[in-house]
Amino acid sequence: MKLHTSRFGEIDIDEERTINFPQGLLGFSDIKRYIILDHPNKPDMPLKWLQSADNPDLAFVITDPLMFCPDYSPEIEEKNLKELNIFDSSERVIIVIVTIPHGEPEKMTANLQGPILVNLKTREAKQVVLTGEEYPLRHPLLKDTPILKS
Amino acid sequence: MLILTRRSGEGVRIGEDVRIVILEIKGNQVKIGIEAPEDTQVHRDEVYERIKTENIEASTATTEHLQRLFKLWTEKK
């Protein structure tokens, strides 16, 4: 299926690789299907795009939080794991949405309070709202980034 | 907004599937019990709003923004 996106031009959507959010993302509950794309010409970068397969103009920058915060270990409520049929931590992966302040990209932050839980087998996902104050809504990514230090 | 007054132990029913019960009132804190279908999301209002707003903000990112970031990143090395 082809989608003419505003950021990436025309792309091919492989149905088998779409990630399905039965409830969508908070604020975007009608949008259920997404695919993950590398940034054009930057397949090795840890920041990628979560592009909507239904709305060509909607996309989010995402990343593996462990690349920036190796100690990130949110407690996911049982109810969420059950909803996605996740029984084992090896079946799941957590990704987070990154906000890039316009004009100050170095101040980009990751939303650690509303991570996305993905069932690797079924490719179903959900944005989880963490109870408790342990992780922030905006965690600056570039402060002590190991990648920068290298 | 529908406004009702309830006492401890009383409840409110929303549609067929959602029930809210006032369990306990202590000072200015109210303990609320919520019965809803498993797939109905229940969130603390202010947290929900914050995450929703952050999502909306995040959705404005363009490939130019990220490109600029990568450039900065590799320049710093």
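Just so it is clear: chains get the letters A, B, ... in the order the sequence lines come, proteins before strands, and each one is counted from 1.
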* Please collect all salt bridge (Lys or Arg N to Asp or Glu O under 4.0 Å) contacts where either partner lies in residues 12-29 of chain A, sequence neighbours excluded, each pair once. => A:Lys2-A:Asp12, A:Glu15-A:Arg33

* Asked: Will you find, in the side chains of B:Gln41 and A:Lys126, an N or O donor that is under 3.5 Å from an N or O acceptor?
  -> yes

* **Cluster overlap A:Met67 with A:Ile116, hydrophobic side-chain contacts below 4.5 Å** => no

* Under 4.5 Å between any side-chain heavy atoms of A:Leu26 and B:Arg50, yes or no? -> no

* **Any A:Val129 side-chain heavy atom under 4.5 Å of B:Tyr48 side chain** => no

* To do: Please tell me if the side chains of A:Gln113 and B:Glu54 come closer than 4.5 Å, counting only heavy atoms from C-beta onward.
  => no

* To do: Check whether A:Thr109 gets within reach of chain B through its side chain, its backbone, both or neither, counting any heavy atom under 4.5 Å.
  => side chain

* Asked: Hey, which residues of residues 58-68 of chain B are touching chain A, say heavy atoms under 4.5 Å apart?
  -> B:Ala58, B:Ser59, B:Thr60, B:Ala61, B:Thr62, B:Thr63, B:His65, B:Leu66, B:Gln67, B:Arg68

* Ion pair A:Lys79/B:Glu38, N-O distance below 4.0 Å -> no

* Is chain B contacted by the side chain of A:Leu58, its backbone, both, or neither, given a heavy-atom distance below 4.5 Å? -> side chain

* Under 3.5 Å donor-acceptor, B:Asn55 side chain and A:Gly27 backbone -> no

* Asked: Can you get from B:Ile25 to B:Ile34 by hopping between Ile, Leu, Val, Met, Phe, Trp and Tyr side chains that sit under 4.5 Å apart?
  -> yes

* Got a sec: does the CZ of A:Arg138 have more than 12 other heavy atoms crowding it under 6.0 Å? -> no

* Do B:Leu4 and B:Val30 share a hydrophobic cluster (ILVMFWY, side-chain heavy atoms under 4.5 Å, transitive)? -> yes

* **Worked verdict on B:Leu69 versus A:Glu104 for side chain to side chain contact (heavy atoms under 4.5 Å, CB included)** => CA-CA 9 Å; B:Leu69 179 75; A:Glu104 295 185 285; over 6 Å; no

* Interface moiety of A:Leu47 toward chain B, non-hydrogen atoms closer than 4.5 Å -> both

* To do: Under the side chain to side chain contact (heavy atoms under 4.5 Å, CB included) rule, what do A:Thr131 and B:Val47 come out as? Steps first, then yes or no, please.
  => CA-CA 9 Å; A:Thr131 52; B:Val47 182; over 6 Å; no

* Asked: Do A:Ile94 and A:Leu112 sit in the same hydrophobic cluster, where Ile, Leu, Val, Met, Phe, Trp and Tyr count as joined when their side-chain heavy atoms come under 4.5 Å apart?
  -> yes

* Partner chain B: residue of A:Leu137, A:Ile97, A:Ile100 with the largest heavy-atom pair count (under 4.5 Å) -> A:Leu137

* **A:Glu10 CD: over 12 foreign heavy atoms closer than 6.0 Å** => yes

* Structure fact -> If you tally heavy-atom pairs under 4.5 Å between each of A:Gln127, A:Glu83, A:His102 and chain B, the highest tally belongs to A:His102

* To do: Decide whether A:Tyr34 and A:Leu3 are clustered together by the hydrophobic rule: side chain heavy atoms of Ile, Leu, Val, Met, Phe, Trp, Tyr closer than 4.5 Å, transitively.
  => no

* To do: Compare all side-chain heavy atoms of A:Leu142 with those of B:Leu72 and state whether any distance is below 4.5 angstrom.
  => no

